[in-house]
Protein chains: 2
Amino acid sequence: MKKKTKYHHGNLADALLRAGVKEARVNGPKNLGVTHLANQVHVSPMAVYRHFPNGESLKAGISQQAREELARYMLKALGQETDVKKRFLTIGRSYIEFGLSEPGLFSVAFLDCDSLPNDEDDPSSRSIFHDAILDLSNEGLIEHSDIEQVAAFAWSLVHGYVTLTSAESLSPAMPKPEAVNELLERGWLAITKFRK
Amino acid sequence: MKKKTKYHHGNLADALLRAGVKEARVNGPKNLGVTHLANQVHVSPMAVYRHFPNGESLKAGISQQAREELARYMLKALGQETDVKKRFLTIGRSYIEFGLSEPGLFSVAFLDCDSLPNDEDDPSSRSIFHDAILDLSNEGLIEHSDIEQVAAFAWSLVHGYVTLTSAESLSPAMPKPEAVNELLERGWLAITKFRK
DNA sequence: TTTTCATGTTGACATTATAAACATTAATCG
DNA sequence: CGATTAATGTTTATAATGTCAACATGAAAA
């Protein structure tokens, strides 16, 4: 028999985040309320407030988890690839793959959480983009002074694509994988061939 | 003295949408609830249900208003310009301008309203993009078969830029206008110079 | 004018976020 | 080891919300 009535849960904060991520995977931002998540974890709603100052910050925590999951997915896709172009395209492709295969998580990841801690999440998708672009610069494929602009361009492109495709606002003219490849190659062109 | 106690409001649906847009402009998606908007219009919450089946659909209506405002802004910026490249860049620039100058409206415009009526809003930003890209095709600047891809590329780029910049996820390396110009020129390059 | 329909209102109820007070377990210190 | 204290959960209570049902009123149609 299992131990029951463990009055203390032991690890509530984690459990809540976990439950939240699970919900987010299925239902996106809905059902991320204090009460609902507390129920999932078999704990009274007020227990949540011992670990999060309010419901918003719990949501923010879940959002952060989702962002970290995205970053892990990207790193995994990167693997040991060494070719800079392939690395760069893989970053974009994996970002899009994650967004399209986990729309709920993705939308929660970029939820209007007022405080995206834009500093070091580690590993954050931002820093992954940035590092890859540093490599491009070191290889002489882009100007050093273009780093920030290229980061903005690349990230905007894939982020927008996921957002609009998930919302079914964009109707693709061809099957997904080819469409994504072409999008990425176009982006590569704009990044490596642009000169003021 | 003004006429008061006009038991019937006369134009509640419009007034609610208007109040919603005003709120959205200031606070984004928050405060778009049935009760709050009903109060703004000095009407009991239940009155709302004579015009919208539920709170979600009221939000959806406000979201649509926001999308139409965006489209109007773009058309105005377009003006009578005839040069195809300038037209195209203006579309992108005005989209970004609107998004950055009206972050609340923009976020509501693309709120997770499950049912973005992806058909004819008239005038929708989608159709504006599309028409401009048709012109590019007619001028021979892009392949006819590339129309859908170019639309996806262009819209993704500017939409992503607004989203990430509003969320302060992107830290620009230069003042906004120049950054936006460079982004657009890069996009133009990718659109007109790409061949499979 | 009288009937009817569209439009508002009040009251009730379930659900939510959160505050206050209380309970229990775990940790620390003599 | 036992007693005090700090963490962590629970119950109770309050205010706000979305929405249902029943009722009221004013404008349009008959």
Side-chain angles (χ1 to χ4, degrees), chain A residues 1-24 26-64 108 111-115, chain B residues 1-24 26-65 104 108 111-115:
Chain A
M1 57 184 172
K2 356 192 113 168
K3 33 182 154 178
K4 17 171 66 173
T5 31
K6 283 235 355 167
Y7 188 86
H8 274 64
H9 182 286
N11 204 348
L12 227 199
D14 259 30
L16 285 169
L17 292 176
R18 226 178 279 283
V21 167
K22 184 185 280 185
E23 281 291 335
V26 178
N27 281 321
K30 311 179 222 284
N31 302 117
L32 260 39
V34 170
T35 304
H36 186 222
L37 291 178
N39 290 341
Q40 301 294 308
V41 179
H42 307 296
V43 136
S44 85
M46 282 310 294
V48 173
Y49 293 90
R50 295 294 177 188
H51 303 270
F52 300 90
N54 52 48
E56 275 306 292
S57 71
L58 170 53
K59 248 181 257 184
I62 296 165
S63 174
Q64 161 118 7
V108 169
L111 209 48
D112 192 271
C113 50
D114 289 327
S115 57
Chain B
M1 55 186 171
K2 355 191 118 170
K3 33 181 156 177
K4 15 171 68 174
T5 30
K6 282 231 359 163
Y7 190 84
H8 274 65
H9 182 288
N11 203 346
L12 228 199
D14 258 29
L16 285 169
L17 291 177
R18 225 177 280 282
V21 167
K22 185 185 280 185
E23 283 289 335
V26 178
N27 282 321
K30 313 179 221 284
N31 302 119
L32 261 38
V34 170
T35 303
H36 186 232
L37 291 178
N39 289 341
Q40 301 294 308
V41 179
H42 307 296
V43 137
S44 85
M46 282 310 295
V48 173
Y49 294 89
R50 296 294 178 192
H51 303 269
F52 301 89
N54 52 48
E56 275 306 295
S57 71
L58 170 53
K59 247 181 259 184
I62 296 166
S63 174
Q64 161 118 7
Q65 293 292 121
V108 168
L111 210 49
D112 193 271
C113 52
D114 288 329
S115 56

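Naming: A, B, ... by sequence-line order, numbering from 1 per chain.
The CZ atom of A:Phe52 sits 9.5 Å away from atom CG of A:Leu37, with the distance rounded to the nearest 0.5 Å. With rounding to the nearest 0.5 Å, the separation of OG in B:Ser63 from CG in B:Leu58 is 11.0 Å. The line from CG of A:Leu16 to CG of A:Leu12 is 5.0 Å long, rounded to the nearest 0.5 Å. With rounding to the nearest 0.5 Å, the separation of CZ in B:Arg18 from CG in B:Asp14 is 5.0 Å.
In this structure, the CG atom of A:Asn11 is 19 Å from the P atom of C:dT25, given to the nearest Å. Counting to the nearest Å, the P atom of D:dT10 and the NE2 atom of A:His42 are 12 Å from each other. Put simply, CZ on A:Arg50 is 16 Å from P on C:dA26, counting in whole angstrom units.
Applying the side chain to side chain contact (heavy atoms under 4.5 Å, CB included) rule to A:Val21 yields the partners A:Arg25, A:Ile62, A:Gln65, A:Glu69, A:Leu105; only residues at least two apart in sequence or on another chain are considered.
Contact annotation: A:His51 reaches the phosphate of D:dG9 (side-chain N/O to OP1 or OP2, under 4.0 Å).
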Just the table, please: protein N/O against nucleotides 17-20 of chain D N/O, every pair under 3.5 Å.
from, atom 1, to, atom 2, distance (Å)
D:dG18, OP1, B:Val34, N, 3.0
D:dG18, OP2, B:Val34, N, 3.4
D:dG18, OP2, B:Thr35, N, 2.7
D:dG18, OP2, B:Thr35, OG1, 2.7
D:dT19, OP2, B:Tyr49, OH, 2.7
D:dT19, OP2, B:Gly55, N, 2.9
D:dT19, O5', B:Tyr49, OH, 3.3

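No side-chain heavy atom of B:Lys22 sits less than 4.5 Å from a side-chain heavy atom of B:Gln40.
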